[in-house]
Amino acid sequence: MDLDVTSVSKQPEPYGQAPAALDVITGDEIRRSGASSIPEALRLADNLEVMQVTSSSWGISARGFNSSVSNKLLVLIDGRSVYTPLFSGVIWNNQDYLLEDIDRIEVISGPGGTLWGANAVNGVINITSKGAKDTQGAYVETGAGIQLKDFAGARYGGKLAPDIYYRVYGKYFDEAPETYTDGTSAMDAWNHGQGGFRIDAGGSSDNQFTLQGDIYAGNTTTLPGGEGTPSAPGNASGGNLLGRWTHTFAGDDEMSLQVYYSRDNLAVPFQSSGSVPAGPLGDGLDTIDVNFQDRFPLGPSNHIVWGGEYRFTNDVVQDAPVVAFFPNTLNLNLFSGFVQDENKLTENLIFTIGSKIEHNDYTGYEFEPGGRLQWNMTDKQMLWAAVSRAVRTPARYDRSLEEPSPAYGQFLDNSNSFISETLVAYELGYRAQLCPKVSTSLSTFFNNYTNLRSLSYTPVTFVPLYFGNNDLGQTYGLEFTVDYQMLDWWRLHAGYDHLWESIWTAPGQLDLSNGLAETADPPNQVFLRSSMDLPGKTELDAAFRWIDTVHNGKLGGTVPGTIPAYAELDIRLGWHITPNIELSAAGQNLLQNEHVEAGYPDTSQEQIARGVYGKVTCQF
């Protein structure tokens with residue numbers, strides 16, 4: 001409850017006093033979970049829907065609208081947005097890090113547009129790595145198993161000068177393919193390698209400097225023409241460089257300037273469609289981002305946070321035979337500014353109000369105001385309520401996507417009329433430390449969506465189809481967690497999520513998918529975790545999850561599909577042979593040989609297999 005978080009108000013505050021639906025995953029929880037990737041680590045957040053689609057692809061969302069191309073969740077790694085303007089989402093198999101060097105992951109469910117801007121519609125994931133000063137010395141890990149076939153990672157940290165620390169790291173892994181529901185191999189094995197560095201300098205107590213960067217490359221395979229045809233290679237590569245300067249004036253008065261550049265390359269094989277042959281879609285994305293922020297007290301009761309940001313993206317697409325984007329090259333500019341005032345009305349009552357103003361090249365100006373009321377009932381109990389507006393601005397998928405067809409000339413055409421999807425959210429929450437051994441959090445919400453994406457048709461000729469904004473939607477639900485430190489050596493955790501979701505087409509409008517293509521969400525999720533520190537310097541951790549039945553659809557389809565409910569169990573056993581050497585064994589998805597988590601029930605739907613691996617780590 002005392003752990004400092006920054007995602008709710010863009011300034012440090014204790015988790016127990018942060019007025020939002022917030023889950024925090026610590027670095028130690030990641031280590032003890034046996035997770036081998038960031039998406040697997042995100043299963044520790046009870047307020048997320050996490051589904052594995054294929055061996056290398058994931059769908060992750062909060063409060064609904066999940067799919068393999070989820071587009072209403074903002075993800076940041078050390079302040080760098082990993083959003084892609086191709087579909088307003090995250091390509092999860094490109095997001096990696098040496099998990100040992102992650103300090104914490106803060107997960108906000110609910111809109112964050114007031115501070116974070118467009119696409120922070122249903123939530124924000126903020127991944128923060130450890131400072132270079134906290135990762136001194138050498139660290140090495142390696143292991144092998146089933147599904148996660150082999151992996152290795154290393155990091156070394158040292159000093160360049162008395163106040164300048166650095167670290168360098170590298171990692172690599174091979175992942176086995178999954179299978180289709182008919183038992184044949186999906187032939188989607190993949191591998192990924194990544195390396196990078198971080199330098200932290202504290203030239204004085206008032207100034208802190210950070211310079212960090214990463215490079216990565218990976219390969220995947222798919223079946224472009226179905227079972228029995230040769231597999232086609234896919235690949236991804238890229239890198240980023242980020243610099244940040246933070247200056248502290250006095251007390252809570254602080255400003256920061258951050259600049260980053262990233263380059264991402266992607267080649268995705270597409271299956272053939274009728275007489276249209278198979279072929280890869282290529283995408284090259286360059287991003288430059290400049291972000292300034294300042295926070296300061298204004299009198300005894302007010303605390304101001306404000307800032308501005310500019311982002312430039314250059315996106316170049318090489319069309320596949322079956323999928324194209326027009327125009328192939330697109331430059332986009334994003335300007336934004338925000339201001340937020342935290343006003344202490346009384347000793348225990350705090351009212352926060354603010355707004356983000358953005359200008360994008362698709363829809364012009366967008367406004368995302370929000371208000372939040374916090375009542376500190378006692379020093380251990382807090383009640384909060386919020387009303388917020390957020391938008392999901394158009395992406396190239398909405399405006400530029402085309403699907404050529406020899407039979408029809410153009411099956412899907414681009415649309416310049418697509419506008420932003422809009423959310424107005426109402427939230428109420430409670431967080432408390434009920435006694436020294438028990439803490440709990442409860443969040444409830446009601447979301448009202450307008451201008452949701454739809455699939456429309458051309459009068460008379462029917463084709464080409466195009467994307468419109470003809471759907472409306474409402475969701476409500478609750479998120480509940482409780483932690484119980486039953487004994488000094490045994491900690492228990494439980495979580496429950498409920499989501500009610502309704503998408504419908506506006507009167508007089510049309511959506512060929514009837515809203516089914518935008519959502520694939522379980523109405524109920526249950527999570528149970530146990531962490532034990534056993535004699536002999538041994539750790540035993542277990543995580544159980546039960547995911548309710550999912551009803552989903554596919555683009556242009558009118559018949560809903562069903563993904564059956566499933567239960568799974570992950571277990572990790574770790575033994576510290578010495579203070580510096582640890583052996584561990586982890587089992588993932590142990591209750592079934594294979595199970596389905598995502599995808600429409602057809603010949604392309606994949607099953608996720610049980611995995612077991614062993615690992616040894618050494619640090620000195």
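Along the sequence shown, the residues carry numbers beginning at 1.
- With sequence neighbours excluded, no residue forms a ring pair (Phe, Tyr, Trp, His ring centres under 6.0 Å) with Trp504.
- Arg389 pairs by the salt bridge (Lys or Arg N to Asp or Glu O under 4.0 Å) definition with nothing, not counting sequence neighbours.
- Residues forming a side-chain hydrogen bond (donor to acceptor under 3.5 Å, both in side chains) with Glu106 (at least two apart in sequence, or on another chain): Ser7, Arg104.
- Sorted by first then second residue, the ring-ring contact (aromatic ring centres under 6.0 Å, His included) pairs that include residues 33-55, not counting sequence neighbours, number zero.
- Taking Tyr397 as the reference, nothing meets the side-chain hydrogen bond (donor to acceptor under 3.5 Å, both in side chains) condition, with sequence neighbours excluded.
- For Asn552, there are no side-chain hydrogen bond (donor to acceptor under 3.5 Å, both in side chains) partners, not counting sequence neighbours.
- The salt bridge (Lys or Arg N to Asp or Glu O under 4.0 Å) test applied to Arg31 returns Asp28, Glu539, Glu582, not counting sequence neighbours.
- Sorted pairs that involve residues 500-514 and meet salt bridge (charged side-chain N to carboxylate O under 4.0 Å, His left out), not counting sequence neighbours, are lacking altogether.
- The distance between the ring centers of Phe151 and Tyr613 falls below 6.0 angstrom.
- Thr481 meets the side-chain hydrogen bond (donor to acceptor under 3.5 Å, both in side chains) test with no other residue; sequence neighbours excluded.
- Residue pairs meeting the salt bridge (charged side-chain N to carboxylate O under 4.0 Å, His left out) criterion with at least one partner in residues 448-471, sequence neighbours excluded, are Asp398-Arg453, Arg453-Glu518.
- In this view, Asp283 satisfies the salt bridge (Lys or Arg N to Asp or Glu O under 4.0 Å) rule with no residue, not counting sequence neighbours.
- Listed by chain and number, the residues in a salt bridge (Lys or Arg N to Asp or Glu O under 4.0 Å) with Arg43 are Glu597 (sequence neighbours excluded).
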